[in-house]
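Each chain gets a letter, A, B and so on, in the order the sequences are listed, and its residues count up from 1.
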Number of protein chains: 2
Amino acid sequence: MAEASRLTESAGAVFAVLAQVGSATRPQLASLAGLSKPTVSAAVAELEGARLATHSGTSSSGTGRSAAVYGLGAASGSVLAVDLGPARTRVRGCALDGTLLAEADTPRTRAADAVREALAALPAGAPLRAIVVAVGDVTAPDRAGSGMRPATAKAGPVFDAVSVALPPGVPVHLENNVNCAALAELHEGAARGRRTFGYLRIGVGVGLGIVIGGQVLRGANGAAGELARLPYPWDDDREPRQEALEAYVGSHALLRRAAEIWREADGPCPRTADRLFALAAQGREPARAVVARHAADVGRLAAAVTAVLDPGLIVLGGSTGADPQLLPGVRAELDRLSWPTEVVSSQIGDLGTVAGAARLAVAKGVQTVTEGARVKD
Amino acid sequence: MAEASRLTESAGAVFAVLAQVGSATRPQLASLAGLSKPTVSAAVAELEGARLATHSGTSSSGTGRSAAVYGLGAASGSVLAVDLGPARTRVRGCALDGTLLAEADTPRTRAADAVREALAALPAGAPLRAIVVAVGDVTAPDRAGSGMRPATAKAGPVFDAVSVALPPGVPVHLENNVNCAALAELHEGAARGRRTFGYLRIGVGVGLGIVIGGQVLRGANGAAGELARLPYPWDDDREPRQEALEAYVGSHALLRRAAEIWREADGPCPRTADRLFALAAQGREPARAVVARHAADVGRLAAAVTAVLDPGLIVLGGSTGADPQLLPGVRAELDRLSWPTEVVSSQIGDLGTVAGAARLAVAKGVQTVTEGARVKD
DNA sequence: TGAACTTCGTTAGGAAGTTAACTAACGAAG
DNA sequence: CTTCGTTAGTTAACTTCCTAACGAAGTTCA
């Protein structure tokens, strides 16, 4: 019989822990959830009855009685994460313990196909509990947990194109792609074990994902970390202009600057940031200088962040931010201008956004289980 | 008999609520603490036994039986707040419900006297539970809850001069003065009812107090909001320098700029910011232009904050920041550069720092009661 | 093989909090 | 002055968790 009733509090807590670690014995669950053994036993029994957990083996710790191992059950369901990137659309379907169940990757124009493909690969019997869509845009603050749309026109059309492929009745969360990537760095990247840090992404544009106490900071307009609106240029006799910063520190500007100082004798001028970094890594001269200058610019951007937030750690990402050869220059400029702050390069790269969106979707999905599975509330 | 044992959890919750509202009936405590009537009755009995609460009257709500009103008891004790300001030292002693018990205000050089004076005026029988000292300096992160010192030499000597007057055995917390003032705006000023905002103080220096979810954001080095380290000047061909921003937007710069463009015919050049603002308020010309330019500069500073945090509300304070005639100019520049953000002037002024420090001290003091009065742990 | 040890899981009793129902106190209306 | 409606506070039964102790199921060593 299908028990759609709500879980007790302890069962919810145990389920949340079980989803986090994937599989565990009862004593492990007890210590992780901060509950006693009898309570965990009762909770596990309840979860097994609801098919939210299953006995998946035994574990012997050398000496003593061997413990029963439990994992997520068939009824725990799955979640979907969609990254509407500038070039490609990436989709992942995950179980609530984060294991990958389905994956799709298409050009941006075939976004809806990617979603359908991934949905088809998910187990049919169990509920899809949450969908997170990462967009390169400011998202309105999360009110009812669904029905959001990107705040400006930038990502609106793509989102609409995808949303027709989304199954009805499942809560959809929009999230900024930089925030998602920051979450990925937090859980499986360069910021593992941290509670507070900033993820500074520099590519065509610039963006900052802020994590404080393990939580993403979204801001009143969902625009926290939208560094493009930092006042720039800024001086006694210069008026800041909107968007001027991205035009100056973004990847387009980097290549333009390279082209300006490039000469015949230097060989062919690089047309991509990757090529430019490769030349610089070999010590080839105009490239090295351009990259060094870029590092200082990134350091200034980082200084603007530390002046406000003092996060203690900044993770650099993006097509022109993640290269480790930037690190010395960035650190030097940041040291010169601001507070002691660790600076490291992203460990995840392009897949960070989907990975983070999946983390977020898993968290939302677990919530729907523990807080009483309200699909239509 | 003195019961030094720990309170039950429900009694602690009830005490915290009682401290927040000052006095309340049992039904009020029940709804505010989210507890049931029987539990509150038991908790109140426990608190009365420990002299942490007393029956202080009855309240009739027109119809029905009249309820007993409870307030804080004699054993709840007091806390001390010290503001080591640039010119004056202000001290307040408060009960745990925030009522003022003692106050002192001396020139900075007699700081220790102010502390002794206020301490003498506090009730002798009950414990002093916490001391908060507000300094104009970066404070190291709060580890054991005491034993901190200002991070740089700026406020170190003053703090040492005061600390000799502090009674031993009482936990001392250092806090940045701008953070304190932000807390005052949150609880009794322009940000009442908000959960997230920024308090931008502009005087001789610039500083930002960040409140997120009702909590002050301190940062990894205790330097969150130290805007003086924003990169400035910043442009393609200018190198940012440390401290350059304060030299440009602080009150000294404001008066210097006024002096530069002032002419014989304009009358005597103002020597204080107050005087300059007064002239501007009358529409007198060179003053008005200087103030308008200052407003734009403040707007840019605010834009730098919103670009990172998007707080939704910015409260302006400080000797050259709180004047309401700045508001239109600040709002215009902020609108032009950044996200929709409310901008208002501080409602508290110079006393904000002590008031906020007192709030913080009360919160810490309540903690010592509810978490088991550990004075030396 | 069986005693000793260690770890797992259950059983029993108790602490802390909840809901529901009852008694107590107060004002107003007849 | 009594009665009724309303609100305060208490008592009782039940829920949910914890701690402590015990039985069950392994491993190790003689």
Are there any protein N/O atoms within less than 3.5 Å of an N/O atom in nucleotides 2-6 of chain C, and if so, which ones and at what distance?
unit_1 : atom_1 : unit_2  : atom_2 : d
C/dT6  : O4'    : A/Thr63 : OG1    : 3.4

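Partners of B/Thr58 by side chain to side chain donor-acceptor pair (under 3.5 Å), not counting sequence neighbours: none found. Qualifying side chain to side chain donor-acceptor pair (under 3.5 Å) partners for A/Thr39, counting only residues two or more places apart in sequence or in other chains: A/Ser36. Taking A/Glu103 as the reference, A/Arg92 meet the salt bridge (Lys or Arg N to Asp or Glu O under 4.0 Å) condition, with sequence neighbours excluded. Every side chain to side chain donor-acceptor pair (under 3.5 Å) that A/Gln347 has, sequence neighbours left out, goes to A/Arg192. Partners of B/Thr63 by side chain to side chain donor-acceptor pair (under 3.5 Å), not counting sequence neighbours: none found.
In this structure a side-chain-to-backbone donor-acceptor pair under 3.5 Å is missing from B/Ser66 to B/Ser59.
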Output side-chain donor-acceptor pairs under 3.5 Å for residues 24-34 of chain A, partner residues at least two apart or in another chain, one line each.
unit_1  : atom_1 : unit_2  : atom_2 : d
A/Thr25 : OG1    : A/Gln28 : N      : 3.3
A/Arg26 : NH2    : A/Tyr70 : OH     : 3.2
A/Gln28 : OE1    : A/Thr25 : N      : 2.9
A/Ser31 : OG     : A/Gln28 : O      : 3.4

Cut-off 3.5 Å, no hydrogens considered: what does the side-chain donor-acceptor table look like for residues 181-191 of chain A, sequence neighbours left out?
unit_1   : atom_1 : unit_2   : atom_2 : d
A/Glu185 : OE1    : A/Ala190 : N      : 2.8
A/Glu185 : OE2    : A/Ser346 : OG     : 2.6
A/His187 : ND1    : A/Leu183 : O      : 3.1
A/Glu188 : OE1    : A/Arg359 : NE     : 2.7
A/Glu188 : OE1    : A/Arg359 : NH2    : 2.9

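Here B/Thr54 contributes atom OG1 and B/Leu47 contributes atom CG; the two are 10.5 Å apart, rounded to the nearest 0.5 Å. With rounding to the nearest 0.5 Å, the separation of CG in B/Leu96 from CG in B/Leu72 is 6.0 Å.
For DNA chain C, the residues of residues 16-41 of chain B within the heavy-atom distance limit of 4.0 Å (strictly under) are B/Gly34, B/Leu35, B/Ser36, B/Pro38, B/Thr39, sorted by number.
In the 5' to 3' direction, nucleotides of DNA chain D lying under 4.0 Å from heavy atoms of chain B begin and end at D/dT6 to D/dT11.
Sorted pairs that involve residues 31-53 of chain A and meet ring-ring contact (aromatic ring centres under 6.0 Å, His included), not counting sequence neighbours, are lacking altogether.
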message = Let's test your reading of the pairing rules: Watson-Crick or G-U wobble, both distances under 3.5 Å, then write DNA chain C as a dot-bracket string with ( ), [ ], | and dots.
response = |||||||.||||||||||||||||||||||
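Within a 6.0 Å sphere centred on CD of A/Glu9, other residues, nucleotides and ligands contribute 12 heavy atoms or fewer.
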